S.K.: 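Quick one: the structure is below, questions incoming.
Owing to the predicted nature of the structure, the values given are computational and were not obtained by experimental measurement. Heavy-atom basis, side chains included; hydrogens, waters and symmetry copies ignored.
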Amino acid sequence: MASTSSIQIGEGGGRTRLQSFHEQSLSVFSAMISRTPDHEGKGSMIGAICILMNAVLGASIIVLPSAYGSVGIITAIIMEVFTVAIAMITHMVLADAVDSHDGTNYQDLVGKVCGYPFQLSAQILLFFYTYGLSIASHITIGDQLDKVCHLVHPSGGLICHRDVLTPIASMLFIFPLVWIKNIANFSYASILSVASVVYLVIAIMLDYLPGPPADTQIWVLTEGPDFMTILQYLPTFVLGFQCHMTSVPLYYELNQRSIPRYLIVLCSMSVGVLVMYILTAIFGLLTFGLTVESDVLVSYGSSDKLMLVSRVAIAVSVIASYPIFTYLGRSAFDDTLRQAVAKFSGWEMAEHSTLRRALTLCIWHGSALAISCLTSNLASAISLVGSIAALFMLFYPGMMLIMQGGSKAWLLSGAILAILGLFIFFWTVGFTLYQMAV
């Protein structure tokens, strides 16, 4: 009888612990979805979906066929789905922090939750991340317009050189857009960008229908990819779903913002992007096999009229997304500059200065354009940018979970996210620099 009693007590204790953990989780989640925001934004859910899709679509989609070929289709899809799941979790962490700390942008939110040292590091990394995206975008535009020009003007000439085409396109189409002040104003350009990528996906699928080219090497993945190959391409998959810096100001400006409404936005965006990524990667890979270039559009001949429009489409998509990360990068640079001046000189700079904004944008745009004309290595640029993306997707949200406290499960989750983000960053930077050196 005593033995039975002790077993019942033990089982009851186990149930109590499980019940306690369950109640804690429910209470945290209930608090997240029941908060009423102090600031009422004006952004629509449809506009938010388009802006987030625009933020992740672009140069990353055209390198996926090569990544799928290296790690294998099944492994790549698993990595994509895993990345989506992690991205959704960390988006929820950021949204909850916006509601509880009223952060208006990513670096401001990091500072309010984690403290100034983390805010400063986020500002510096955000600057390099968005600056790297600016360079990668110019490289992508130059590569696509070079092919288009040679088809329209077969004899070539100086005008068809990418170092001439890139500055012309940049100054005509990109530079006027970077002056937009409010991120909510990008929704119309984002719709055009998403439509352009949808066309690209359909074109790659239609191009495969007659069958792959005769010289396509048939490949069969008989063994799973090695661990080093997976690590090499992990930043590419991370970059494909990293829009967390855009997410913070977007959620802050969302009309009737709440966690459930934003979850609908995130699910819609993630499903749409995931489908487009998988279709582009699989059909691009099936078309060219082992010969696929790191930029899949380069694999298509200049005479392919269907892909001619696709090249224009991806250029339009990149041009439309460029102002978003320029806005975020300029904001990070401006915050860092004002804080540094106030700290070392005691002089408080005006929060909004037209002259400072103009100088920042001109130097930013001009230097990124110049570097893109000196290099055409898109894969390395994507890899380095993806390594920083891992910090924004994993490290900082993980640190927010740790700093806000809570149950041991929340603290452990935060620690895992933070360590994973740091690992991807340092490993990728080291590996990429090693490859560039040898």
S.K.: Go through it in stages, so that I can follow the logic: the residues are Met245 and Gln107, the test is side-chain contact (heavy atoms from CB on, under 4.5 Å), and I'd like the CA-CA distance, side-chain angles, deciding distance and then a yes or no.
M.R.: CA-CA 8 Å; Met245 291 90 67; Gln107 62 272 21; over 6 Å; no

S.K.: Spell out, as yes or no, whether a donor-acceptor pair under 3.5 Å connects the side chain of Thr280 to the backbone of Tyr277.
M.R.: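 Checking the backbone N and O of Tyr277 against the side chain of Thr280, no donor-acceptor pair under 3.5 Å is found.
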
S.K.: Strictly distance-based, threshold 3.5 Å: is any side-chain N or O of Ser270 a donor or acceptor partner for the main-chain N or O of Cys267?
M.R.: no

S.K.: Would you call Val296 and Glu293 a side-chain contact if the rule is heavy atoms closer than 4.5 Å?
M.R.: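 A side-chain contact is absent here, since even the closest heavy-atom pair is not under 4.5 Å.
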
S.K.: Would you find a donor on one side and an acceptor on the other, under 3.5 Å apart, between the side chain of Thr166 and the backbone of Asp163?
M.R.: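 No, Thr166 side chain to Asp163 backbone: no donor-acceptor pair under 3.5 Å.
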
S.K.: Calculate, to the nearest 0.5 Å, the distance between atoms CD1 and CD1 belonging to Ile191 and Ile51 respectively.
M.R.: 9.0 Å

S.K.: Quick one: CD on Gln242 to CD1 on Ile388, what's the gap to the nearest 0.5 Å?
M.R.: 10.5 Å

S.K.: Drop me the distance from Leu120's CG to Thr336's OG1, to the nearest 0.5 angstrom.
M.R.: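 Result: 6.0 Å between the selected atoms.
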
S.K.: Please round to the nearest 0.5 Å and tell me the distance separating atom CG of Leu401 and atom OG1 of Thr90.
M.R.: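 One gets 9.5 Å once the value is rounded to the nearest 0.5 Å.
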
S.K.: Identify whether NZ of Lys or CZ of Arg in Arg257 sits under 6.0 Å from the centre of the six-membered ring of Tyr262 and within 45° of that ring's axis.
M.R.: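 Because its charged atom misses either the 6.0 Å distance or the 45° angle limit, Arg257 does not stack over Tyr262.
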
S.K.: Is the closest side-chain heavy-atom distance between Phe395 and Leu417 below 4.5 Å?
M.R.: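 No, their side chains stay 4.5 Å or more apart.
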
S.K.: Looking at the rings of Tyr131 and Phe333, which for Trp means the six-membered one, are their centres under 6.0 Å apart?
M.R.: no

S.K.: Evaluate whether atom CD1 of Ile74 has more than 12 neighbouring non-hydrogen atoms of other residues, nucleotides or ligands under 6.0 angstrom away.
M.R.: no

S.K.: Between Gln144 and Ile62, is the side-chain contact (heavy atoms from CB on, under 4.5 Å) condition met? List the steps.
M.R.: CA-CA 11 Å; Gln144 307 317 319; Ile62 59 179; 4.2 Å; yes

S.K.: Do Ser317 side-chain atoms and Ala313 backbone N/O form a donor-acceptor pair below 3.5 Å?
M.R.: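 Here the side-chain-to-backbone pair does not exist.
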
S.K.: Which heavy-atom pair separates Pro176 from Phe173 by the least distance, and what is that distance?
M.R.: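 Distance-wise, the nearest heavy atoms are CD-C, 3.9 Å.
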
S.K.: With a sphere of 6.0 Å drawn around CD1 of Ile46, does it hold more than 12 non-hydrogen atoms of other residues, nucleotides or ligands?
M.R.: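 No, because the 6.0 Å sphere around CD1 of Ile46 holds 12 heavy atoms or fewer from other groups.
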
S.K.: Would you check if the distance from the ring center of His244 to the ring center of Phe392 is below 6.0 Å?
M.R.: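 Distance test on ring centres: not under 6.0 Å, no.
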
S.K.: Please tell me if the side chains of Val110 and Met400 come closer than 4.5 Å, counting only heavy atoms from C-beta onward.
M.R.: yes

S.K.: Does the Ser66 side chain pair with the main chain of Val63, one donor and one acceptor, at a distance under 3.5 Å?
M.R.: no

S.K.: Would you please say whether a donor-acceptor pair under 3.5 Å links the side chains of Asn105 and Tyr252?
M.R.: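 There is no such pair between these side chains.
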
S.K.: Rounded to the nearest 0.5 Å, how far does CZ of Phe127 lie from CG of Asp335?
M.R.: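 Those atoms lie 13.0 Å apart.
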
S.K.: Could you tell me whether the side chain of Cys362 reaches within less than 4.5 Å of the side chain of Phe175, counting heavy atoms only?
M.R.: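 Contact flag for Phe175/Cys362 side chains = yes.
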
S.K.: Closest heavy-atom contact between Leu126 and Ala332?
M.R.: CD2-CB, 3.6 Å

S.K.: Can you tell me how far the CG atom of Leu52 sits from the OH atom of Tyr251, to the nearest 0.5 Å?
M.R.: 13.0 Å

S.K.: Between the main-chain N or O of Leu297 and the side-chain N or O of Arg311, is there a donor-acceptor pair closer than 3.5 Å?
M.R.: yes

S.K.: Is any side-chain heavy atom of Leu200 closer than 4.5 Å to one of Met276?
M.R.: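 The answer is no; the side chains never approach within 4.5 Å.
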
S.K.: In the structure I gave you, are the side-chain heavy atoms of Val197 and Met53 within less than 4.5 Å of one another anywhere?
M.R.: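 Heavy-atom side-chain distance check fails, nothing below 4.5 Å.
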
S.K.: Classify the side-chain pair Tyr322/Ser137 by whether it contains a donor and acceptor separated by less than 3.5 Å.
M.R.: no

S.K.: If you compare all heavy atoms of Ser196 against all heavy atoms of Val316, which two are closest, and at what distance to 0.1 Å?
M.R.: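 Closest pair (atom of Ser196, atom of Val316, distance): OG-CG1, 3.4 Å.
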
S.K.: Looking only at heavy atoms, what is the nearest atom pair of Thr229 and Ser70, with distance?
M.R.: CG2-O, 3.6 Å

S.K.: Quick one, Thr326 and Thr130 - any side-chain contact, counting heavy atoms below 4.5 Å?
M.R.: no

S.K.: Can you list the steps and then say if Asp334 with Arg356 is a salt bridge (charged side-chain N to carboxylate O under 4.0 Å, His left out)?
M.R.: CA-CA 8 Å; Asp334 198 59; Arg356 188 171 70 244; 2.4 Å; yes

S.K.: Hey, is OH on Tyr116 packed in by over 12 heavy atoms from elsewhere, all under 6.0 Å?
M.R.: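 Buried by this count: over 12 neighbours within 6.0 Å.
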
S.K.: Go through the side-chain N and O atoms of Tyr396 and Ser121 and say whether any donor and acceptor fall under 3.5 Å apart.
M.R.: yes

S.K.: Kindly give the heavy-atom pair with the smallest separation between Arg261 and Asn255, and that separation in Å.
M.R.: NH2-O, 3.0 Å

S.K.: Would you say the side chain of Ile77 lies within less than 4.5 Å of the side chain of Tyr68, judging by non-hydrogen atoms?
M.R.: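 Yes, their side chains come closer than 4.5 Å.
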
